Structure formats: structure tokens, C-alpha cells
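Here is the structure we will look at, set down as C-alpha cells.
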Protein chains: 2
Amino acid sequence: MERSPSQLALTSARRPTIIDVARRAEVSKSVVSRVFSERGKVSAQTRQRVLDAAAELGYVVNAMARAMVAHRTYTLGVFVRDVATPFYGHLLSAMQERADTLGYRVVTATGSGRFAVEDELRALETLVMMRVEGLVIGSGLLPAAQILPFAERVPTVVAGRPETEENFTSVYCDEREGGAALADHLADLGHRYVAVITLRKSESLTLAPRTAAMVQELRRRGVEAVRVIGRGVDAADRWVDQILERPEVTAVMAPSDRYAVRLLEELQRRGVDVPARLSVTGYDGIGELATPLIGLTHWRQPIDAIGRSAVDALVALLDSGPPGRPKRHVLSGTLVLGRSTAPPCR
Amino acid sequence: MERSPSQLALTSARRPTIIDVARRAEVSKSVVSRVFSERGKVSAQTRQRVLDAAAELGYVVNAMARAMVAHRTYTLGVFVRDVATPFYGHLLSAMQERADTLGYRVVTATGSGRFAVEDELRALETLVMMRVEGLVIGSGLLPAAQILPFAERVPTVVAGRPETEENFTSVYCDEREGGAALADHLADLGHRYVAVITLRKSESLTLAPRTAAMVQELRRRGVEAVRVIGRGVDAADRWVDQILERPEVTAVMAPSDRYAVRLLEELQRRGVDVPARLSVTGYDGIGELATPLIGLTHWRQPIDAIGRSAVDALVALLDSGPPGRPKRHVLSGTLVLGRSTAPPCR
DNA sequence: TTGTAGGCGTTATCAG
DNA sequence: CTGATAACGCCTACAA
């Protein structure tokens, strides 16, 4: 059959197969297979002939064909909400590295930018189509109910968010510990009125419980917690409006470093002195925002450990088989003190 | 043949195939194939029966098997040096999105953390094994000579670095334009002695020409350029030592925002006032460091455009076939003025 | 040690 | 519109 030029292009002028190599090395295709899959015995001589022939032809094993018969892909599927976010970027990086040392490949899928659960589901579907052996889900958006159908089919680990659902394995940093630690820090400094930028659970499955923990601990310490509605990271001016309405407030807790920095920008713009007039806390401690240049007091999540543990947990799941019951791996973070918090002025 | 329990686990209790669905829907496997590949005609009735059967079984198309016969994977391979870096994170994000709208999947590979060309090559090899249809290479480390063998086999685009090699298609932001713009800015402000934190080409294929351009433009403008050896992003104290040795220096140009921020940290630590005593410029404008909170004067790279164009160029290459000759797509950036630069004090 | 044959899950081709 | 059947590239008994 004649191929159209475009088809030719697509297949890169017919990539050489095991058979081409076999012909050139004057052996059977089994021998070539044995050489590249590194099992079975092959004499050093033949082996070299095969290797030479393969090199001349530019032969590269076809992972797809191999996977088909081996019933294994040695591939882990990682879904993250947004690679450009430092949190997910680092998470992915840590997983890549860990998977690599365990002999697994990682393929990534993301939810195509827009804020749509539907897109995220399609991305997961793609991962399953590619026959990844396991799934790591890192998304503060996807509800547990949506994840369940996938978890039933392929071993799944949820990473980086406080998973309340008992049905799947998860790895995350305790949000209450972090929220409470920061709240305690402010209480210890003597703040009595603290604003907390709050998010709804529908907006973020990580940020909501985190801020809830802050509020709870503040109240436990007898500090008045003033809720400020978050509504996305770009509404800083509205937060500040609300905060400045209550002059008794001497500190603000942001749900993440990103939020905190937006807040700091706006406060700077309006000439509000930090920390003299207002103390500010962040959360995450990942990536460039953790620079001492900004000096933000925050809770640092052990992102590398989360990534590593997630992969380890997934591989354990793979090895243990279906019955391996869901387990929650809860990691600890660290309080990092910066220059953005101080005792209240008055 | 009996399967061992562990094998069973790995294959998730035998994922259903097209044949299982066919049996359940009481049709031939061809019909099922037609339904899921959406080609050929199938009566609405049968179609529904197939869909139902598939849903009950939890059937998902096997992309591998499909790719084998179709000779297409609709998959683009993207190699980035480090996903955790904002530059590459955003680049990847932009590519993912663009590829998605063009109907391509993206699989990512990275160089496993360590500083080793060998690792990067292995990652590229993996991509080829997976039969990606095209390659995008984003790495300031991998020399052109190493890339060539891959580019000969599969359509390749080099993204995000100034490619001097004529042999492959590339997309990048003109480093000379940016370096010159920043140098001009300082010259215009009246600086006569400017330190430039310089890197070797072996350290980074992007940063080296960038700093070279800065030096060149400074000299063209009659400004004395004082070279400071970079040696990695963590040697800030040594840069500052060198800079302060020359009190006539009133401005410092860093090869990237990251370097600039490290520099600012160290200057802050030593109590050197910016910009009163020393002006500082960065480069990139990507991610969180671009915050007005820091207010760094820098050159902003159009990272989204780079990602988008890289994918577009690659897909064009795919469609045009082998003869499509290498083309260089050079994009423009923007000068962003911050508070880190000012006229020299004296 | 090497070769032969069959099958993995899907699509494409060609009859019915 | 539907059903056989032959690939696709590789691995794996089994036979030589």
C-alpha cells in the first residue's frame, strides 16, 4: 500500500522494528527481543551483532507494544490541578524523582487551565486510557465522589489535601496543626483581634479546612477571629477594606503565601505598615515566595516528603494488590518565623 | 494459564476489553470498535447497547493497543529540566493547554533532579520509547549536539533558549533584546559603573548569552561593565564581596529574577540600600517573584506565548512532514520597571 | 543458545 | 449496517 506523504511524516519514515534489527543482524526476532528485554540467554557475540544492527538502524524499543503483552506499563499517572502553581510544580517534581528511582515513569495530566471539574475528569480518563498502573491525584478541587469511580478501577492515592473520605489512600500535611500553630503564634504575641481570610469548601478543599483550623484555635485561645471572605486571590482590595473597617484588628491570617503576598502588596499600596500596624501570616513555604527578602511568617509544608510518600504509598498499593486497605499518611510541617509578624503596637 | 496473585493485582483484575463488551452487548468486536473510535456507521440501537455494556463493565479504551495499529499516539513529549522552576512550570502549563486544544496529549519527562546530561538523555529516550509524535525540549543544559540524534528521528522543537544551531526548529525570546533593554535603562538613569553577574555557557545556555548581551550593550553606551562571576545561585555573598570592593559601582545586573532576589537578600542582610546605594535588575518576570511587593525591575519573557508557539511549531512540523526546514521563532519581551532601580546617588 | 508460533487489544479491510 | 480476519511490534513458552 502506498502511504501519503503526511502519513510518512507522522511515522517518521517507518521506525525500525525488532524485525528490521533481526534481519540486519541475521538472527530471529526472539533474539533481538531477548537482548533488549534483558532476559533469557544470548551469546556475547550475537548480542553485540544485535546491538550494532540496532544502533545502525536507530532502533528504539516500542514501549506500547511491550506494554501490550507484558500487561505492565511501569507508568504512574499524576494529575495536578495546575503545573504552574509552585505547590503542584514541586509536588510533581518530587514525585518524578521518586518514581524514577523506583523504576516507574510518570505521565502528567492537568485540567486544561479553566476552572471545570469536567475537564479534570477527562484528563483522568486519558490517564486511564494510557493504562497507567496507578494514579496520584493532586487537586484541591475534585470532590471525593468524582474520584471514587477511578479509584475503584486503578490503585489511587490522593496527595496534598486533607482527605476526609475513608475510601482511599491519601498523603497530606495536617492542616489543623499548621493553622493552629500560626494562630498560637499570634496569640502568644498578644494579638486579641485577628482577621482570617476565609474560603469555602467549594472553592478549595485544602484552603477551607486550613482557615477553619485557624479560626478554631484563635477562639480556643480567647482571641476574637474576624472572618474576611476570600473570593479568589485577586480580591485583595476588598479584604483590606473589610480589615481596615475594624481598627481593633492587629493581625491577618492568609490561607496561603500567595494570598498573603497579594495582601502585603495591597497593604503596601495603601501605606499600611507591616508588622507595626498589622501582622500577616502565610501558609505553604514552597517556592520563591519563601524568600527571606519578603520574610513572611508562615507554615512550611514538607512538599518533597509529600511527593515521595505519595509515590511510595502508590507503589506499595500496586505491590500489595487490591485488598490493601486505604491508609492515611499525615505529615508534619514547620513553623517559619519571618518579619511579617510582631506584637501588636498598642 | 494461571496468573499469580501479584499479576492479577497489577492488571486490576483483568481490565475488560473490547471483546468483553462485544460479548455482553451481543455484537461483534468490530461494532464496539466503531462505537468507540467514532468512525463507520452503527445503528443508534446497537450503539446504545454497546455503550450500556461498556458502562456496566467499566470499559475504557486501551490507548496502547489503539496506537499500535493506528501508528499514531496523539502524544507530544515535553522534556523540561526541572518542573519546580517557575519558568519551566509555566512553560509546561502553557504547552499542556495548547496541545489540549489541538487534540494532543502531553507526556513530560525531567532529568531526575541531579545535574547530569546523562539523565536527561535517558529521559528523552523514554519519551521516544513511548512513541511520542514530537518532542519539545526545554533545557538550558543539553547541548545541541546531544539533541541532534533525537531530532533526526522525531520532529523536535527547542523551546526557551536562544538556539544557535541551525539544524532544528526553535522558539525563544531574544536574549539580546532583553539584556540590551535593561542595560539601556541603567545607562539612561546615569549609571557609569555597572556590575554584571556573569555565567559561562557551560553553566547555562540561556543565562550566558543574556549576560553577554548586557555587557555588550553597557560598553556600547560607554558604561563600564564589571564582570562578577556567578557560580550558581547560592554564592550571593561572594558576588556582594566582589561588588562592594568597587565602590564606584552603582548598579548590578543579575541574569535572572532568582539571582536578583538572592542578591537582594544578601544586600538586605548587609544593610546595603536598594536602590539608593545600588540599583538591581532581574530577568524573566515569571511566577511569584514578579510581585510588585518586591518591585524588581526586570525583563519579562512572554512565557505563555513561548509555550503556545512551541506546540504550534511542533504540530506544524508534524503536519508538514520531514522536509519542513528548521525555523526560528523569536519572540519579544517587555521591560518592567520596578522600585529596584533609580539614578545613582551621587 | 537459537528459532517458531501464538497472542496482547485495537483498527482497517473486505465480504455479507 | 454488521461480522470475520489480518495486521501492528513485542514477549514468551516450547521446540530444535
Side-chain angles (χ1 to χ4, degrees), chain A residues 1-4 7 10-12 14-50 53-54 57-74 128-131, chain B residues 1-4 7-8 10-12 14-50 53-54 57-74 128-131 133:
Chain A
M1 182 193 80
E2 278 291 310
R3 278 173 181 282
S4 77
Q7 277 180 300
L10 294 169
T11 56
S12 280
R14 215 90 198 89
R15 310 282 287 285
T17 78
I18 207 178
I19 296 185
D20 299 315
V21 177
R23 236 194 312 263
R24 184 162 190 121
E26 297 180 296
V27 294
S28 76
K29 57 177 184 164
S30 328
V31 177
V32 181
S33 169
R34 278 178 208 120
V35 170
F36 283 99
S37 59
E38 294 178 311
R39 48 192 96 205
K41 300 283 170 207
V42 179
S43 76
Q45 230 181 24
T46 356
R47 185 185 147 72
Q48 195 51 55
R49 273 228 311 286
V50 170
L57 260 34
Y59 168 79
V60 178
V61 176
N62 184 330
M64 311 249 150
R66 172 177 284 181
M68 275 205 63
V69 29
H71 279 290
R72 297 215 49 175
T73 57
Y74 292 98
V128 176
M129 280 182 59
M130 298 185 76
R131 289 300 190 263
Chain B
M1 182 192 81
E2 277 292 307
R3 277 175 182 280
S4 78
Q7 277 180 300
L8 248 181
L10 293 170
T11 57
S12 281
R14 214 95 196 84
R15 310 280 288 284
T17 78
I18 208 177
I19 296 185
D20 300 314
V21 178
R23 237 193 310 265
R24 183 162 190 119
E26 297 180 295
V27 293
S28 75
K29 59 175 183 167
S30 315
V31 177
V32 181
S33 170
R34 278 180 207 116
V35 169
F36 282 99
S37 61
E38 295 179 311
R39 46 192 100 203
K41 300 285 171 205
V42 179
S43 77
Q45 230 180 27
T46 350
R47 185 184 147 71
Q48 195 52 54
R49 273 225 313 284
V50 170
L57 261 35
Y59 168 79
V60 178
V61 175
N62 184 331
M64 311 248 148
R66 171 178 284 180
M68 275 205 62
V69 30
H71 280 291
R72 295 214 51 173
T73 57
Y74 292 98
V128 176
M129 280 182 59
M130 298 185 75
R131 290 301 191 260
E133 296 187 13

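To find a chain, count down the sequence lines: A is the first, B the second, and so on, and within it residues start at 1. These numbers come from a predicted model, not from an experiment.
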What is the minimum heavy-atom distance between A:Arg47 and A:Val42, and which atoms define it?
N-CG1, 3.7 Å
Under 4.0 Å between a side-chain N/O of B:Thr46 and OP1 or OP2 of D:dT2, yes or no?
yes
Report, as a single string ordered 5' to 3', how protein heavy atoms within less than 4.0 Å touch nucleotides 3-8 of chain C: B base, S sugar-phosphate only, - not at all.
BB-BBB
Side-chain polar contacts of residues 57-68 of chain A - donor-acceptor pairs under 3.5 angstrom, sequence neighbours left out - could you list them?
unit_1	atom_1	unit_2	atom_2	d
A:Asn62	OD1	A:Met64	N	2.8
A:Asn62	OD1	A:Ala65	N	3.2

For residues 19-31 of chain A, the salt bridge (charged side-chain N to carboxylate O under 4.0 Å, His left out) pairs (sequence neighbours left out) are A:Asp20-A:Arg23, A:Arg24-A:Glu56
Sequence neighbours excluded, the answer for side-chain hydrogen bond (donor to acceptor under 3.5 Å, both in side chains) partners of B:Ser43 is B:Thr46
Just how far, in rounded Å, is P of C:dT1 from NZ of A:Lys41?
7 Å
Taking the side chain as C-beta and beyond, is there a heavy-atom pair between A:Ile18 and A:Phe36 under 4.5 Å?
no
Need the bend value for the helix from C:dT1-D:dA16 to C:dG16-D:dC1: angle between end axes, 5 pairs each end, nearest 10°.
40°
Quickly work out the B:Met130 CE to D:dC10 P distance and round it to whole Å.
15 Å
Answer with base, sugar-phosphate or nothing: what part of the nucleic acid does A:Ser33 contact at a heavy-atom distance below 4.0 Å?
base
Distance in angstrom units between B:Ile19 CD1 and C:dT11 P, rounded
12 Å
Between A:Arg131 and A:Arg47, whichever has its closest DNA chain C nucleotide further toward 5' is A:Arg47
Quickly work out the B:Arg23 CZ to C:dG9 P distance and round it to whole Å.
11 Å
May I have the distance from B:Arg72 (atom CZ) to D:dC8 (atom C1'), rounded to whole angstrom?
16 Å
Round to the nearest Å and state the distance from A:Arg66 atom CZ to D:dG9 atom C1'.
11 Å
Starting from C1' on D:dC1, measure out to CD on B:Glu38 and report it in whole angstrom.
18 Å
Side chains of A:Arg15 and B:Val128: does their closest heavy-atom pair fall under 4.5 Å?
yes
For C:dT11, take OP1 and OP2 only and decide whether either is under 4.0 Å from a side-chain N or O of B:Arg39.
no
Rounding to an integer number of Å, can you tell me how far B:Met64 CE sits from D:dC11 P?
14 Å
Distance-only, no hydrogens or angles: does the B:Glu133 side chain make a donor-acceptor pair with backbone N or O of B:Arg72 under 3.5 Å?
no
Residue pairs passing the side-chain hydrogen bond (donor to acceptor under 3.5 Å, both in side chains) test where at least one lies in residues 30-39 of chain B, sequence neighbours excluded
none
